[in-house]
Amino acid sequence: MEEVLLISRFITRSLILLSLWFLCFPPGVVCDTGNVSASSNSSSKPKVINIGALFTLNSVLGEAANRAIQAAVDDVNSDPTILNGVQLKLLISDTNCSGFIGTMEALQLMESDVVVAIGPQSSGIAHVISHVVNELHVPLLSFGATDPTLSSMQYPYFLRTTPSDHFQMYAIADIVDYYGWREVIAIFVDDDYGRSGISVLGDALAKKRAKISYKAAFSPGDTESKINDLLVEVNLMESRVYVVHVNPDTGLNIFSVANALNMMGSGYVWIATDWLPSYLDSKDAVDSNTMNILQGVIALRHYTPDTDLKKSFMSKWNNLKYKGSAGHAGFNSYALYAYDSVWLAAHALDVFLNEGGNLSFSYDPKLHDTNGSMLHLASLRVFNGGEQLLQTLLRMNFTGVSGQIQFDPDKHLVHPAYDVLNIVGTGTRRIGYWSNYSHLSVVPPETLYTKPPNISTGSQHLYSVIWPGDTTSTPRGWVFPNNGQPLRIAVPNRVGYKEFASKDKSPQGVRGYCIDVFEAAISLLPYAVPRTYMLYGDGKRNPSYNELVSRVAQNVYDAAVGDITIVTNRTKIVDFTQPYMESGLVVVALVKEAKSNPWAFLKPFTAEMWFVTALFFLFVGAVVWILEHRINSEFRGPPRRQLITVCWFSFSTMFFSHRENTVSSLGRMLTSGIQGIDSLISSTEPIGIQDGSFAFNYLVDELNIAQSRIVKLKNPEAYLRALKLGPKKGGVAAIVDELPYVELFLSNTNCLYRIVGPEFTKSGWGFAFQRDSPLAVDMSTAILQLSENGDLQKIHNKWLTHSECSSQVNQVDENQLSLNSFWGLFLICGIACVLSLTIFCCRVFTQYRRFSPEDEESEIETIEPSRSSRRSIRSTSFKQIIDFVDKKEEEIKEMLKRKNSNSNKQQTSIHSFSDGQASSPS
């Protein structure tokens, strides 16, 4: 809105001044300015083409641009390969650093039927003139107007031949991020150029999680006294990183005043945009006092490749041919862009004419005088080929002294790049480059264009910098503000667990484990931190920690110190330090050891399951017996063993798949039935939590536990009462709280309560600071130092001592089993073994009595009855019995079968012999 009002004022003033011009100089007496020789209706090829130049001659950029533009026109006119003999005629107008005068000069220049206008270098004047060229269809090539908003579609005929400040501000944001700074103060001139550039800087820093903490604007004509007041105010603030975006003609005043205020010393960071190198490069020699003031400043300068064309131009620049009678103007990057602007116009006009373009003009019916108006707007004519010439300009692609001249779809020059400079000694030192392709690098940008783009953090590099104060140590970039305000630190006013943080009568006002950790970390910082502790809460109940963190985010407090858990929703609004205490939610329940049951091994299965299992194994046993006794010997070997293996696998699977349940049923048991968070979720019993804890939101929002089940408890005494009462008498079944609190609680319960199940969340405690506070980073480093040197553990031992009962029920002890748990199983197994062994021995002795070793060794002989009757009972040795047992079942059966067969034969022989004797004569 401000820009629109400014433009309206400029146009109104210009029209008023234009009316005065026409009153003094009617159209009939206008001096001949030597404009385009072709008539408005002529279609023949012209011999002279008028191009205009609009810029401030008496300025750092204007002096260099003036020489460059004139040199370019001379070079184009002397080059027979371009425009085929058509000469360019340069018409220069001085805008005198005034939007009003610039508008007037632009209107006068347009009367001369120029086909292209070059300039201006001022963004404010470019805004106003762009409206004029839009109406008259004359392309405006600006070598110095870097305001990013000029690239908008509002100005179709504005074409920038120099990189936009959009890229320069992103380069500064990358530098700020590279050194780890999070806040900067912008010092800028309050005009279109300054405001627009700083606006883009804010957007670029936001993408790096940094910000502009303060915008210090001043008017171009402000005195040193006003600048002094501005810098005094800035120096009272926290940030020590200053970005200076001003005009080269007046910018040095900022550094002169800053030096007088001792703001150019150690600890300060000054980053200047391209205006500073442009000023230094434009001078043949800069006085030593100025260079002494600028020591340690980082600055950006347009990067232009060191091509042969550029070297040739610089050689000519040093020749008197490019020096005017008014004196010598030093070379700077804007001179290169001004020179290339003329060549861009020449190349485009050459293509335009070769494609049949017509340099003709016509009157716009909208520009006419009515009711006796003296403005004489009818003298302004529209360039008929303006649109065609504009499109020709946009598709040009050639190499100039500044590098490749080619436009992208947004009308920006391709490959914008900058030198990153460090001002030291009597000159500047290049510490790297920035390009829109790969950002910060120590390698020239053109060598990176052939490689894939890489903008990762690890690929960003710069050489070392000598900072203000002649130091190579990177400044921290911030200090505590010098306005007498100490750091406001909120401490939760707890009701229970006061070991962590509580009110105290000491001058400090607070005490506890968390306070000691914070003080120890503060003492490790290389700077003083003025601070005051402020209790948060009424002391009657624990405060809400979510509200406490919100107060920090709302700038009510600068930080919060205490037992503050780092959770996701809090990290979105504040910055936490490195955790100084590990934490997590656990479940506490009443635990007592039950006597072991000798028949507890039966518990995994019900009676019905055991009955079915018994039937199953009886069936399997019957099948095995049938296979053993009814199938021939060829099938009785390996297949039977495979079936037995299958049966054993089935049996072991049933038991080992439930081994954890079996073991847990044999070990210690919980009287409440709570074994962890899962069983607690599935139950409907009340759950106790600490008042003010984040556990409430976690249980309700994450675990979907009904709010009606949750009971808020104030302190450890309330924990004890609730657990003793139990869920049936108005108490709770279990407590859900963070591990540090639980450890303290359990240390005073005589082992009546235990942690059941594992931690089901993992988090930690940290100190909360406002977003992007650099103190959070330094405190994190200090906490790591405390952890590494052992001081953190010493503070822990001082405040948080607990007995062994505070630890979780040991899983090994819980699962250990005694003889009492298994003597019933051993009894069953022993009886089964004794019965089996007895049956086996009886069977073996029965078989052995039926078997005689001599029967195996001797052949069947005829035995006389008298001899068999007289045979005595043989004595049997132990070795013979063992040998008999070792024999295979098949061998024994075979021997018994043969013995039975022999016995039958013997009996038959005996009967035959007896019958023979009975029948013989006596």
Side-chain angles (χ1 to χ4, degrees), residues 51 53-82 87-92 94 118-121 141-146 160-163 248-249 274-287 290-291 299-347 398-405 413 417-419 421 423 426-430 444 446:
I51 62 172
L54 289 156
F55 52 89
T56 301
L57 295 175
N58 187 22
S59 65
V60 172
L61 302 185
E63 290 179 359
N66 185 26
R67 272 71 174 178
I69 290 174
Q70 292 189 40
V73 171
D74 291 342
D75 290 345
V76 169
N77 289 336
S78 62
D79 190 342
T81 63
I82 192 169
Q87 297 291 299
L88 296 181
K89 185 175 182 179
L90 178 64
L91 305 176
I92 298 178
D94 187 0
I118 297 175
Q121 85 262 28
L141 309 181
S142 177
F143 59 86
T146 56
R160 197 188 335 255
T161 58
T162 187
D249 299 283
D274 63 276
W275 68 268
L276 183 56
S278 297
Y279 172 84
L280 298 177
D281 292 342
S282 298
K283 304 298 178 181
D284 288 335
V286 182
D287 64 275
T290 300
M291 294 305 298
L300 296 179
R301 178 177 62 195
H302 296 117
Y303 172 75
T304 53
D306 290 329
T307 60
D308 293 337
L309 190 61
K310 176 184 173 181
K311 293 177 182 178
S312 175
F313 172 77
M314 293 179 66
S315 177
K316 292 180 181 179
W317 184 271
N318 295 325
N319 193 292
L320 290 176
K321 175 182 178 181
Y322 285 175
K323 295 179 181 180
S325 58
H328 174 67
F331 170 83
N332 61 44
S333 60
Y334 286 98
L336 297 176
Y337 295 117
Y339 183 87
D340 283 342
S341 297
V342 175
W343 275 95
L344 172 63
H347 282 295
F398 68 96
T399 300
V401 294
S402 63
Q404 185 178 1
I405 305 299
L413 284 177
Y418 294 88
D419 293 320
L421 307 176
I423 299 177
T426 59
T428 59
R429 168 176 163 262
R430 183 160 53 198
E446 64 269 16

Point to revise | T56 backbone acceptor or donor facing Q121 side chain under 3.5 Å | key: yes

Exercise for review: Write down the atom of S341, the atom of L141, and the distance for their closest heavy-atom approach.
Suggested key: O-CD1, 3.6 Å

Revision key, fill the gap. Heavy atoms of D249 and S59 approach each other most closely as OD1-CA, 3.6 Å

Point to revise | CG on L300 to OG on S333, rounded to 0.5 Å | key: 11.0 Å

Practice item. Give the minimum heavy-atom separation between L88 and A346, together with the two atoms involved. Key: CD1-CB, 4.2 Å

Check your understanding: Hey, which of W343, F143, Y339 is the one that makes side-chain contact (heavy atoms from CB on, under 4.5 Å) with T161?
Key -> F143

Exercise for review: Just say parallel, tilted or perpendicular for the rings of F313 and W317, cut-offs at 30° and 60°.
Suggested key: tilted

Check your understanding: So, do L90 and I118 sit near enough that their side-chain heavy atoms are less than 4.5 Å apart?
Key -> no

Revision key, fill the gap. In terms of heavy-atom contacts, T399 and L309 come closest through O-CD2, 3.6 Å

Practice item. Given side chain to side chain contact (heavy atoms under 4.5 Å, CB included), test L276 with I423 step by step and report yes or no. Key: CA-CA 10 Å; L276 183 56; I423 299 177; 3.6 Å; yes

Point to revise | Spacing of Y337 atom OH and H302 atom NE2 [to the nearest 0.5 Å] | key: 5.0 Å

Point to revise | Any donor-acceptor N/O pair, D79 side chain to T81 backbone, under 3.5 Å | key: yes

Point to revise | Spatial distance of atom NZ (K283) from atom OG (S278) [nearest 0.5 Å] | key: 12.0 Å

Review point. Under a 4.5 Å cut-off applied to non-hydrogen side-chain atoms, are I82 and H347 in contact?
Key: yes

Review point. Which distance, rounded to the nearest 0.5 Å, do you find between the CG of L336 and the OG1 of T304?
Key: 5.0 Å

Review point. Which heavy atom of P305 sits nearest a heavy atom of S402, and at what distance?
Key: CD-O, 3.6 Å

Point to revise | Derivation and outcome, side chain to side chain contact (heavy atoms under 4.5 Å, CB included), residues L57 and I92 | key: CA-CA 9 Å; L57 295 175; I92 298 178; 4.1 Å; yes

**Study point:** Check: D74 main-chain N/O paired with S78 side-chain donor or acceptor under 3.5 Å
**Key:** yes

Review point. Side-chain contact, heavy-atom cut-off 4.5 Å: K89 with I51?
Key: no

Check your understanding: Quick check, are the ring centers of W275 and Y279 under 6.0 angstrom apart?
Key -> no

**Study point:** More than 12 heavy atoms from other groups under 6.0 Å of CG on D308
**Key:** no

Check your understanding: Are V76 and V342 side-chain neighbours, meaning at least one heavy-atom pair lies under 4.5 Å?
Key -> yes

Review point. Can you find a pair of side-chain heavy atoms, one from P444 and one from Y303, that are under 4.5 Å apart?
Key: yes

Point to revise | Least distance between heavy atoms, A338 atom then A68 atom | key: CB-CB, 4.2 Å

Review point. NZ/K310 to CZ/F331 distance, rounded to the nearest 0.5 angstrom?
Key: 5.5 Å

Check your understanding: Would you find a donor on one side and an acceptor on the other, under 3.5 Å apart, between the side chain of S142 and the backbone of P120?
Key -> yes

Revision key, fill the gap. Taken to the nearest 0.5 Å, the spacing of F55 CZ from N66 CG works out to 4.0 Å

Check your understanding: Any side-chain heavy atom of V401 sitting closer than 4.5 Å to one from T307?
Key -> no

Practice item. Mind running salt bridge (Lys or Arg N to Asp or Glu O under 4.0 Å) on D274 and R301 for me, showing each step along the way? Key: CA-CA 5 Å; D274 63 276; R301 178 177 62 195; over 6 Å; no

